[in-house]
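Notes follow the structure.
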There are 2 protein chains.
Amino acid sequence: MARRGALKANLLVAAQRAMAEHGTSVRLNQIASEAGVTAGAVLYHYPNMQELLFEANQSGMARFHDQRLEALAGISDPAARLIQTIRTGVPEGPEDPDVRLLCALGGEAARNNLYALLLTSLFDRQVSMYQGILEMGVASGAFVLRQDTITIARNLVALEDAYGYRMMAKHPTLGYDSAVELIVEYARLATGHPLPLEK
Amino acid sequence: MARRGALKANLLVAAQRAMAEHGTSVRLNQIASEAGVTAGAVLYHYPNMQELLFEANQSGMARFHDQRLEALAGISDPAARLIQTIRTGVPEGPEDPDVRLLCALGGEAARNNLYALLLTSLFDRQVSMYQGILEMGVASGAFVLRQDTITIARNLVALEDAYGYRMMAKHPTLGYDSAVELIVEYARLATGHPLPLEK
DNA sequence: AAATTTCCTGAATTGTGATTTAAGAACTCC
DNA sequence: GGAGTTCTTAAATCACAATTCAGGAAATTT
């Protein structure tokens, strides 16, 4: 046995992985197997599975958002920050586990108010993140906005989301680079900044 | 009993409704009850449920797309066509059955290639629809595009999709009107046309 | 290292849902 | 309106998954 309480922490990431693979109809046994234990062990820590799934999704979203914030850490130029944020908002490929999790939840939110709340809150936080970057760019004179920051920010997040879904569905001509380019093209129009992509 | 073969046709819409309500994990009994028959009757026409679900989704998407095309029937002005198309691309509310169906499928597409294909094909058809409108507007001189038609069209469809998900999740400040306005704002920027919304 | 607590397993239980089947009802055709 | 076909039901079957539980293993405490 590992240290006390070790499994309980692992269960969150195990549940995330299992749900990314099997969707919202993930089985208890699939989570258990992902964690390398039996179903009973899972139930010992989370007597009802719903709570585990909820916490797993909550923590998965928090990690997704935190990672995006971290990726901005060393960048001060507003244009570079904007590009970087767009880059981290698009899944790397159809297997990206974080986005898979989010997409799996999207449909569920229509009939589960808890998940709806989680997704809504994530959306709003991401909008705020973009708004901050846009305002910083305006203040520094780098951006000349053609629309409200709330409009631009919402549309940017919306584009990320939608292209995430397209990539999960393995669209043949919409890979990571095209999706980033499409979103950046909108950002260029809205900010009046050339936002160079060459990396 | 109704006319021969009547149930089989009804099953498609019954399955659509049941799936819009219960998601991809919809039960055979829920479909049967929606159709007003027992599970056995459903299985008589569709020996395996998967095929029924697939056909139901296929026909649901086709209807969604066809309805949008029909809504354009009497409109010849490119700007009016563009606005009208955006209007029919956003769900009327969180209960809109067509969009619920589409959203339910979104997460499933990550692990079901058939559904992935359906959604990809719908996306592409909608992109083509927008491209047609944009080109018409360019030809008539109404639009002065700031981006490729493919870029604008893809972003418009992406925005529709994403705001559809937000509305399904009952975002508190993103209703039908706001979503349309957000998308139209992008369209204005991209087409150089004021696209007046007052109706 | 013994005692205690925490943790985990494997089998049994219970519930749910898809699928099969036999029988009967409803429709069509003549 | 009767024969034959198509359709539908209700009960039985089968499979699977969540949950419970008694027993034992592993960590922690003393």
Side-chain angles (χ1 to χ4, degrees), chain A residues 1-60 101 104-105 107-108 110-112 114-115, chain B residues 1-60 101 104-105 107-108 110-112 114-115:
Chain A
M1 197 196 277
R3 184 154 41 264
R4 289 236 154 128
L7 177 58
K8 179 151 185 171
N10 283 345
L11 281 180
L12 285 183
V13 48
Q16 284 160 19
R17 273 202 275 257
M19 192 155 167
E21 186 175 348
H22 300 105
T24 53
S25 62
V26 63
R27 305 294 167 205
L28 173 59
N29 279 318
Q30 295 168 330
I31 297 174
S33 136
E34 186 74 40
V37 296
T38 63
V42 178
L43 268 330
Y44 174 79
H45 294 285
Y46 289 91
N48 66 343
M49 219 177 106
Q50 300 314 310
E51 197 176 324
L52 167 58
L53 286 181
F54 180 75
E55 286 186 23
N57 281 306
Q58 194 170 28
S59 115
L101 202 56
L105 244 51
E108 207 62 10
R111 74 195 72 82
N112 182 323
L114 281 181
Y115 288 144
Chain B
M1 195 195 280
R3 183 150 44 264
R4 289 237 154 129
L7 178 57
K8 180 152 186 171
N10 284 345
L11 280 181
L12 285 183
V13 48
Q16 285 160 15
R17 274 201 275 256
M19 193 156 167
E21 185 175 349
H22 300 104
T24 53
S25 61
V26 63
R27 306 295 168 204
L28 173 58
N29 280 319
Q30 295 167 331
I31 297 174
S33 135
E34 187 73 42
V37 295
T38 64
V42 177
L43 268 330
Y44 174 79
H45 294 284
Y46 289 92
N48 67 344
M49 217 177 107
Q50 301 314 311
E51 196 176 325
L52 167 57
L53 285 182
F54 180 76
E55 287 187 22
N57 282 305
Q58 194 170 30
S59 114
L101 202 57
L105 244 52
E108 206 63 12
R111 75 194 72 82
N112 181 323
L114 281 181
Y115 288 145

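Labels below follow one simple rule: chain letters A, B, ... track the order of the sequence lines, proteins then strands, and each chain is numbered from 1. Basis for what follows: all heavy atoms, side chains included, without hydrogens, waters or symmetry-related copies.
- Within the 4.5 Å cutoff, the side chain of B:Leu12 has heavy atoms near those of the B:Leu52 side chain.
- Remark: B:His45 is not in phosphate contact with D:dT6, judged by side-chain N or O atoms under 4.0 Å from OP1 or OP2.
- Contact of the B:Leu11 side chain with the B:Glu55 side chain is not registered, since no non-hydrogen atoms from C-beta on lie closer than 4.5 Å.
- Put simply, the side chain of B:Gln30 gets close to the backbone of B:Arg27: a donor and an acceptor are under 3.5 Å apart.
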Footprint string (nucleotides 16-21 of chain C, 5' to 3'): B base within contact, S backbone only, - free, heavy atoms under 4.0 Å: -SSB--

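- With contacts defined as side-chain heavy-atom distances shorter than 4.5 Å, the pair A:Met49/A:Val42 does not qualify.
- If you measure from atom CG of B:Asn10 to atom C1' of D:dT8, you get 15 Å, rounded to the nearest angstrom.
- Counting only heavy atoms from C-beta on, A:Ala41 has its side chain closest to C:dT9 among C:dT9, D:dT9, D:dT8.
- At least one side-chain heavy atom of A:Tyr115 sits under 4.5 Å from a side-chain heavy atom of A:Leu53.
- For C:dC8, neither phosphate oxygen OP1 nor OP2 lies less than 4.0 angstrom from any side-chain nitrogen or oxygen of A:Tyr44.
- Rounding to whole angstrom units, CD1 of residue A:Ile31 and C1' of D:dT19 are separated by 14 Å.
- Counting heavy atoms from C-beta on, the side chains of A:Gln58 and A:Phe54 come closer than 4.5 Å.
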